[in-house]
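Everything on this sheet refers to the single structure shown next.
Just so it is clear: chains get the letters A, B, ... in the order the sequence lines come, proteins before strands, and each one is counted from 1. All figures in this text were calculated on a predicted structure; none of them were measured in a lab.
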Amino acid sequence: MMITRSDFLLRMHLDDVTLDLWMVEEWLLPQRAEDDLLFTEADLARAQLILDLQADLGVNREGIGIILNLLDQVHGLRQALAGKLRPPEA
Amino acid sequence: MQVDVIFRLSCPRRRLHDQWVESVEVRDPYEILGIGKTAPAEEIQKAYRKLAKKLHPDLNPGDRQAEADFKELSQAYGILSDPEKRRRFDQGEIDASGEEKPRQQYYRDYAPADATYGNSSGFADFAGSDSFLAELLRRQREHARRMPGADLHYTLVIDLLDAINGATRRLSLPSGGSIDVTIPAGVRDGQVIRLRGKGAPSQGEGPPGDAMIELTISPHRFFVLDGDDIRLELPVTLKEAVLGGKVKVPTPAGTVMMTIPKGSNTGTILRLRGKGAPRKSGGHGDELVVLKVMLPSSPDAGLEELVSQWSPEKEDDLRGDMLS
């Protein structure tokens, strides 16, 4: 289920400039289609996290990049451990 | 006092969906934020940020309790960060269960299935050193590949008659495209239908997630659902009320004939058995027809003549208990 750029902006109440900035910072990596960008529900949830960090927690631009990078590593580690503790069925 | 009542009636948490009425014991927002009643706005924000850093579910990926705690914190902050709401709370006009931002999911719920942002640099240096860890990494990639797609949540507004009789309705998706949703007979407001495999596709090669469709039933022009029963206010003429007779009555399953007993009054309830909504335990509820006696829509000379000549056998004292 993919979400177009305009739907994404609408659902997140974001403007074009902000979204472009987030993509330049590589906080969001939507798929690129022919003439549009395609976002997932995961991107929506990630965008909400960015908004929470910015608005509610007062984290600045550099801080957000660092937090997202560390969070992605945490999730990578969590998955690796989960895979070890609960091996995928053959 | 009147303000209080109006707010409570319009407060959405008390309406419709069962899951909104879950607020059991709500703690005092000042207590949740750990501040005094007179704390200035800056102190409230400071206290909130300090706690939010500890409790935000995305900053605590492994802590399931964080979500409930953060919800409580957000609610408290929602009230105290808005001067008007804070004033009303302080004066007892609203209670602490008031405000809550609707929030369905956190990023941490998607991260395990999300290959886009996956990052193994936190342990990449282990890989070469130990075949055990290399195996672990391989399994992790394999696991990510098999992860099913995320569940997607939608709401669908349906007519009361569709809820009672069942129907197939097309749901247009925000991303374009549509799903045909088969609504079983007898669904209730707030019920969720799960469509397997209609959710987001897997990021790898796993199965797609499910579509979760929450039904909202829009009110009907004249049928009102009351448990398993249907209520209907049926206008009848003076003649039908006084003399009785057979009238056509709409039911969810179509029109039926009903006998109005002689001398029926406004408020008389007639029961059509088995014409209500399907029961969970099988069978149907009833349709309760509430009669409403109507005078002719324009003055009727014949009726006036008749009534002026009419002397009741017994004079009812209709307003006696109001005028003691």
Chain A contact via B:A52 - side chain, backbone, both or neither, heavy atoms under 4.5 Å: both

Closest approach of B:L152 to A:E41 (non-hydrogen atoms, all atoms of both residues): CD2-CG, 2.7 Å

Residue pair A:H75 / B:P61: nearest heavy atoms and the distance that separates them: CE1-CB, 3.7 Å

Side-chain touch B:Y117/A:N69, heavy atoms, less than 4.5 angstrom: no

Heavy-atom side-chain proximity of A:L53 to B:D58 below 4.5 angstrom: no

ring-ring contact (aromatic ring centres under 6.0 Å, His included) partners of B:Y110, counting only residues at least two apart: none

Contact leader toward chain B among A:L70, A:V59, A:L28, A:L38, where contacts are heavy-atom pairs under 4.5 Å: A:L28

For the atom pair [atom1] ([X]) and [atom2] ([Y]), what is the distance rounded to the nearest 0.5 Å?
X	Y	atom1	atom2	result
B:K53	A:D56	NZ	CG	11.5 Å
A:L49	B:R108	CG	CZ	11.5 Å
A:I67	B:H56	CD1	NE2	10.0 Å

Any donor-acceptor N or O pair under 3.5 Å, side chains A:D52, B:Y106: no

side-chain contact (heavy atoms from CB on, under 4.5 Å) assessment of A:Q48 paired with B:Y107: CA-CA 8 Å; A:Q48 185 59 52; B:Y107 179 66; over 6 Å; no

Engaged part of A:L57 at the chain B interface, taking heavy atoms whose separation is under 4.5 Å: both

CZ (A:R61) with more than 12 external heavy atoms under 6.0 Å: no

A:E25 atom CD: more than 12 heavy-atom contacts under 6.0 Å: yes

Sequence-distant partners of B:T168, side-chain contact (heavy atoms from CB on, under 4.5 Å), two or more places apart: B:D180, B:T182

